[in-house]
Amino acid sequence: MKQLRAIRGMNDLLPEQSPAWQYVEATLSELFGRYGYSEIRTPTLEATQLFSRAVGEATDIVEKEMYTFEDKSGDSVTLRPEGTAGTVRAAIQSNLLIQPQRLWYFGPMFRYERPQKGRLRQFHQFGVEVFGIEGPDIDAEILIMTARLWRQLGISEQVTLQLNSLGNSDSRAAYRDALVVYLSERRELLDEDSQRRLERNPLRILDSKNAQTQELLADAPCLLDFLDEESAAHFTQLRALLDAAGVKYEINSKLVRGLDYYGKTVFEWVTDSLGAQGTVCAGGRYDGLVEQMGGKSTPAVGFGLGAERLVLMLETLNVLPESLVQQVDAYLVAVGDVQSAALAAAEQLRDDLPWLRLQAHCGGGSFKSQMKKADKSGADYALIIGEDEAANGQITVKYLRSDQQQQTLALTELAALLQG
RNA sequence: GUGGCCGUAGCUCAGUCGGUAGAGCACAGGAUUGUGGCUCCUGAGGUCGCGGGUUCGAUCCCCGUCGGCCACCCCA
């Protein structure tokens with residue numbers, strides 16, 4: 001029979017990797033908690049319409065990257081490609097928007113793309129969405145919060161903030177027209193992809209990686225010159241707040257996003273330590289989305305943060321805490337016919353020392369092989385129960401990582417010894 | 001969807017100018033009776049991704065296919 005494999009682009013998280021993920025998840029959820037954000041968990045599967053309406057009919061995500069199929073009743077459903085749409089839907093549905101909400105989430109997202117470094121078909125995102133606050137102070141807060149996150153993880157030197165404002169929909173439309181006029185006159189100089197984008201999604205030409213296209217864009221109209229008054233003021237205030245908070249940023253007037261719902265503030269935290277997929281965290285303001293989705297008009301800001309990319313970065317930069325390697329503190333070695341005594345001793349220890357991560361050997365084997373496993377486990381102590389110990393209600397403690405002399409003592413005294 | 005590189009032991013890789021394969025690490029056992037790490041010895045482990053073609057004979061050459069990686073694209 002042919003070997004069954006995981007579906008392309010959908011990776012297993014193996015035991016060796018899970019400590020890093022647990023660390024990241026714990027760090028982030030604690031951080032969000034410290035800023036007063038509440039966790040929300042929404043379904044992985046949603047009505048297809050949710051995404052085509054929220055993300056945008058003409059986006060690549062909706063056009064060719066969604067996992068869409070019919071369920072048994074014939075309804076079109078989609079594995080979520082991003083987290084904002086579902087969060088907005090849930091907030092409207094459960095009347096959360098009668099007051100401001102600061103929310104965060106974590107979970108798998110699905111996009112049918114060709115896998116490469118930092119890009120999978122099932123990937124995981126942390127996200128933050130804030131509803132009901134229109135001022136730039138909240139934009140600043142989420143950026144300050146992410147800046148703290150980088151510091152906490154030890155990667156703030158490797159990550160830079162790119163900032164832009166897309167303006168309101170009118171000013172964006174005016175800019176798009178100007179850009180199309182400028183580029184249409186130079187159409188033959190554009191690369192193939194950008195020529196295609198000229199009709200479908202001209203703003204996306206701005207972040208083309210093609211060198212010649214970028215050269216052409218140097219003299220193109222600038223998005224920031226087209227900003228409406230309110231957006232411009234919002235942007236100016238945001239910059240002042242970031243300056244005051246000591247958050248560094250670069251203005252990148254060519255920064256646009258691939259999802260249609262963004263307006264005003266947009267940003268990306270980028271790094272060059274991840275290869276081509278350099279964006280770890282990105283988001284912006286989407287003041288029109290809630291109303292567009294059938295809720296009452298509600299301003300909103302948020303971002304998504306790629307978990308695989310973040311973990312990859314921490315591994316690459318070697319900034320994961322040393323302590324993650326050690327998974328157990330003690331390893332119980334049981335030789336001879338002592339199974340019940342060993343299991344009872346292990347339970348006793350788990351009662352007395354809740355912090356102790358104790359792995360009890362099972363499956364027999366020679367003394368020597370059990371000691372080898374004790375060593376490999378990374379434990380600090382080998383706790384030994386042989387027939388002598390079992391007969392006398394004793395246990396032997398051997399220190400695997402220090403020169404301290406091993407000792408045999410009454411089982412009842414062990415907790416006190418390890419505690420000290 | 002497009003392109004480049006790559007598929008040999010659990011892992012990292014070598015190798016055969018075409019005669020069915022090896023190293024290091026890891027794993028298992030041993031080096032005097034209940035003591036790991038270092039060292040030494042021994043062992044197990046591979047339909048050389050899969051299918052076809054050329055050939056007396058293919059892991060090696062050719063074609064196809066599947067898979068992986070990286071980049072474009074896209075985006076977190």
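In what follows, chains are A, B, ... by sequence order, proteins preceding strands, each numbered from 1. Hydrogens, waters and symmetry mates play no part in the numbers below; they use all other heavy atoms, side chains included.
- Among the protein residues, A/Val280 comes within range of the sugar-phosphate backbone only, with heavy atoms under 4.0 Å from sugar or phosphate atoms but none that close to a base.
- Under the ring pair (Phe, Tyr, Trp, His ring centres under 6.0 Å) test applied with A/Phe126, the options A/Phe303, A/Phe106, A/Trp21 reduce to a single match, A/Phe106.
- Donor-acceptor pairing under 3.5 Å is lacking for the side chains of A/Ser29 and A/Glu39.
- Among the protein residues, A/Arg197 comes within range of the sugar-phosphate backbone only, with heavy atoms under 4.0 Å from sugar or phosphate atoms but none that close to a base.
- On the P atoms, B/G51 is 10 Å away from B/U59, given to the nearest whole Å.
- Counting non-hydrogen atoms under 4.0 angstrom, A/Leu310 reaches nothing in the nucleic acid.
- Nucleotides B/G34 and B/U8, compared at atom C1', are 43 Å apart to the nearest Å.
- Closest-nucleotide positions on RNA chain B for A/Gly304 and A/Ser366 were compared, and the one nearer the 5' end corresponds to A/Ser366.
- If you take atom C1' in B/G4 and the same atom in B/U42, they sit 46 Å apart, rounded to whole Å.
- OP1 or OP2 of B/A71 sits under 4.0 Å from a side-chain N or O of A/Gln116.
- When the C1' atom of B/U35 is taken as reference, atom OH of A/Tyr331 falls 14 Å away, rounded to whole Å.
- Between the side chain of A/Glu82 and the backbone N or O of A/Thr84, at least one donor-acceptor pair lies under 3.5 Å.
- For a distance-only test at 3.5 Å, the side chain of A/Gln406 fails to qualify as a donor-acceptor partner of the base of B/G36.
- The side chain of A/Arg114 contributes no N or O atom lying less than 4.0 Å from OP1 or OP2 of B/C73.
- A salt bridge is absent between A/Glu157 and A/Lys248; no separation between the charged side-chain nitrogens and carboxylate oxygens falls under 4.0 Å.
- Counting atom types as modelled, A/Lys368 pairs no side-chain N or O with a base atom of B/G30 as donor and acceptor under 3.5 Å.
- A/Arg257 comes within 4.0 angstrom of the backbone, heavy atoms only, and of no base.
- Between A/Phe123 and A/Lys376, the residue whose closest nucleotide on RNA chain B is further toward the 5' end is A/Lys376.
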